[in-house]
Amino acid sequence: MTAETDTHFWAAERAAALDAADPLAPLRDRFLPAPGVVAYLDGNSLGRPVATTAARLEEFVRDSWGQRLIRGWTEPGPDGPWMNWPERVGDRIAAAALGAAPGQTVLADSTTVLLYKLARAAFDAAATAGSARRVIIAHADDFPTDRYVIEGIAAERGGEVRWIETGLADGVTPAQVADAAGPDTALVLLSHVAYRSGWLADAPAVTAAAHDAGAFVLLDLCHSAGSVELALDDWDVDLAVGCTYKFLNGGPGSPAFGYVRRGLHDVMRQPIQGWMGRLDPFTMGPGYIPAPGIRQVVSGTPPVLAAVPLLAALDLLDEAGISAVRAKSVALTEFVLELVDAWLAPHDVEVISPRDASRRGGHVTIRRAGFRQVVDALWDRGVLPDYREPDAIRIGPAPLSTSFTEVHDGLAVLRDLLDTSRS
Ligand SMILES: *Cc1c(COP(=O)(O)O)cnc(C)c1O
């Protein structure tokens, strides 16, 4: 046996052993199969559907929408009233994934829109209370929509964005936040898991640093919810938003969630005052009076139909438990790193994610010149990671739906492609 075939054999054996020891392995069969897909490595961008999703949608259309009709909005029933879904589904996300007590989370809008609503609410609350507070601190390499939204708020409200710069493989540290924040700071916005590098921020320490400066904290949880353990209440986080179509498997374009710490419900006002966030909306009365509690974050009609697939996925997450999900996620990304080191490093592939598992979220990013074309070849062969500038492939194995053998098989295809391109 050559050294090379020896490595190949070792890796396949190891994947099989990891699968055999995986307590979450049986849950993989609860997802819809995708024939022809060798390895789905993009759970951080779009989670797979739970197999019961189509039946649950059909049942909702047939029995709920179809029979209850307009009564569904307000009359109690097995799934109603629909009017309460923002809070009901919000509480389910909070319990399954956020470490947050009920009454502080809603399902609504898209992440972009909720981010605008909550960031502007925080900016206005800080500017009013502290008068001189007009700076929003954010990561220069944050996800584009986050950057654009706060640039817009700064322009609209006469504020200013102060960017924190980091290396490609890193993320924002509590020390950087402590250095950047001061008496002029209204808000610190941070992605808990950085979309490119996968850096997992020290959320409690960042929150403490922002609070020491008298600023609010807004966490973007798009890449954390359903992947890493969160304790929003214990960490004293002020606000959070996140999407439900990544590790929460809610489906393409499923609604976002927003969290506002209970103590801020009477302090902050979000800017899109719609009828669904008003006290007693059906009185159709004059003037906007915010509904009490978290409900005021809602603006328009709740996205009920679009939330049905998410309910199936949350059942599965409840069954698995987020701590088991995180444990498997760490094991999966460790295995990715082992294979990258053994197979891809000789091809000048560079890892731009943290090596320290406690600082790494649910995906691993690798980089090499010409990866753009390689991704096309991978997709042709049924291996589906995603691509991010510059020259980076993100490998995001969703713990509930991905086996170690799948990771192995996907990376073996990448290895073979690089082997061929060299010879
Ligand atoms: C995926 C993602 C978004 C997506 O926002 P949408 O409004 O759902 O398009 C926003 N921020 C971060 C950090 C993300 O990873």
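Values in this document were obtained by computation on a predicted structure and should not be read as measured data. Every number for a ligand or one of its atoms is a count from 1 in the order of the listing. Below, each value reflects all heavy atoms present in this structure, side chains not excepted, and no hydrogens, waters or symmetry copies.
For the pair Arg14 and Phe404, the NZ or CZ position fails the cation-pi test of under 6.0 Å to the six-membered ring centre and within 45 degrees of the ring normal.
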May I have the N/O to N/O pairs between ligand 1 and the protein that fall below 3.5 Å, each with atom names and distance to one decimal?
{"from": "ligand 1", "atom 1": "7 (O)", "to": "Thr111", "atom 2": "N", "distance (Å)": "3.4"}
{"from": "ligand 1", "atom 1": "7 (O)", "to": "Thr112", "atom 2": "N", "distance (Å)": "2.9"}
{"from": "ligand 1", "atom 1": "7 (O)", "to": "Thr112", "atom 2": "OG1", "distance (Å)": "2.5"}
{"from": "ligand 1", "atom 1": "8 (O)", "to": "Tyr245", "atom 2": "OH", "distance (Å)": "2.6"}
{"from": "ligand 1", "atom 1": "11 (N)", "to": "Asp146", "atom 2": "OD1", "distance (Å)": "2.9"}
{"from": "ligand 1", "atom 1": "11 (N)", "to": "Asp220", "atom 2": "OD2", "distance (Å)": "3.0"}
{"from": "ligand 1", "atom 1": "15 (O)", "to": "His223", "atom 2": "ND1", "distance (Å)": "2.9"}
{"from": "ligand 1", "atom 1": "15 (O)", "to": "Lys246", "atom 2": "NZ", "distance (Å)": "2.6"}

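With sequence neighbours excluded, the residues that form a side chain to side chain contact (heavy atoms under 4.5 Å, CB included) with Leu305 are Leu57, Phe60, Val61, Trp65. Every residue two or more places apart in sequence or in another chain that forms a side chain to side chain contact (heavy atoms under 4.5 Å, CB included) with Trp379 is listed here: Val375, Leu384, Pro385.
A salt bridge does not link Asp416 to Arg381: none of the charged side-chain nitrogens sits closer than 4.0 Å to a carboxylate oxygen.
Residues in residues 99-115 take part in these side-chain hydrogen bond (donor to acceptor under 3.5 Å, both in side chains) pairs, two or more places apart or across chains: Gln104-Asp233, Asp109-Lys117, Thr112-Thr145.
Ring centroids of His139 and Trp199 are separated by 6.0 Å or more, keeping the two rings apart.
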